[in-house]
Amino acid sequence: MNNTDNFKYGGREAPIGVFDSGVGGLTVAREIMRNLPSEKIVYFGDTARLPYGNKSKETIIRYSRQIVRFLIKQDVKAIVIACNTASAFALDAVSREFDIPVIGVIHAGAEVAASATKNHRIGVIGTLGTIGSGIHEHYLHILDPEIMVIGKACPLFVPLVEEGWLDDPVTETVARRYLDPLKEKDIDTLILGCTHYPLLRKLIGRVMGSHVQLVNPAYETALQLKKLLGERNMLSTSAGTEEFPYRFFVSDLADEFRKFANSILPYDVEMTQKVNLEEKEDE
Ligand code: DGL
């Protein structure tokens, strides 16, 4: 690949586009901020249309396509689909349709889990959409056909996290109900296959026991992004000199988003802009 191809979208100093159905993808943005501190970010949270976890593949592809177009207009150089459900359903479609580099969060998590497991028994938790898609099993079997994958949808975790009940008896009861059947399957590795679950890491770790390794795809995705940008000579060299390196857009409830963002980011989000992607479609 030559330099012209690398810079077809944005330039080396252009921001990274990150999107999610809402606030959850901030766990991925947070890892990018920590591991690639020189990079600027344009984040889009589709707060008007969340949750994605219980919507069809067709709908998620349509939403993702609109968001990718919006991010490209913001002159980003690469896009991270921070949402597991959108990664499961739409990564292939948008990678085919747009020639900007796009990565999702599923592959990185599967790779780490495959190398971490000793007994070849891996659990995956996520939304109904992600678990129903069988995407983890697909990637894990390419890496190692011997691996046994046990998936479990945990849809109540998302609202519990958004309520702020991260280490709460109610959340623990729900977690035991979801996770006890997984414990019986003798897994030694568990992929946290939803944006919100890293925020429940402590509680999930306690319920599963210390012999089960928890894999946080957000962290692994940030490392994969660093590798991709490095290979294409697209890593920013501005060394964090920008006054406003992070910009946030949402499709609804900008203030609520900002409050949640400020509770989990190592950075003060001063402003969030609301945009209507469906209106933009008609332009
Ligand atoms: N961001 C979604 C995911 O990682 C969880 C929230 C939702 O269902 O929209 O799958």
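As the structure lists them, so they are numbered: ligands from 1, and atoms in each ligand from 1. Only a predicted model underlies this, so the values are computations on that prediction, with no experimental measurement involved.
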* **For Val112, side-chain contact (heavy atoms from CB on, under 4.5 Å) partners two or more places apart** => Val215, Glu220

* To do: Step through the shown structure and confirm whether more than 12 heavy atoms of other residues, nucleotides or ligands are within 6.0 Å of CZ on Arg177.
  => no

* Asked: Would you say the side chain of Leu203 lies within less than 4.5 Å of the side chain of Val207, judging by non-hydrogen atoms?
  -> yes

* Residues Glu172 and Arg176 bridged, charged N to O under 4.0 Å -> yes

* Does the gap between the ring centers of Tyr197 and Phe157 come in under 6.0 Å? -> yes

Can you list every pair where an N/O of ligand 1 is under 3.5 Å from an N/O on the protein?
| residue | atom | partner | partner atom | Å |
| --- | --- | --- | --- | --- |
| ligand 1 | 1 (N) | Asp20 | OD1 | 2.8 |
| ligand 1 | 1 (N) | Ser21 | OG | 3.3 |
| ligand 1 | 1 (N) | Thr195 | OG1 | 2.9 |
| ligand 1 | 4 (O) | Asn84 | N | 3.0 |
| ligand 1 | 4 (O) | Asn84 | ND2 | 3.2 |
| ligand 1 | 4 (O) | Thr195 | N | 3.0 |
| ligand 1 | 4 (O) | Thr195 | OG1 | 3.2 |
| ligand 1 | 8 (O) | Tyr52 | N | 3.4 |
| ligand 1 | 8 (O) | Gly53 | N | 2.8 |
| ligand 1 | 9 (O) | Ser21 | OG | 2.6 |
| ligand 1 | 9 (O) | Tyr52 | N | 2.7 |
| ligand 1 | 10 (O) | Thr85 | N | 3.1 |
| ligand 1 | 10 (O) | Thr85 | OG1 | 2.6 |

* With Val80, which of Ile103, Ile41, Asp20 fulfils side chain to side chain contact (heavy atoms under 4.5 Å, CB included)? -> Ile103

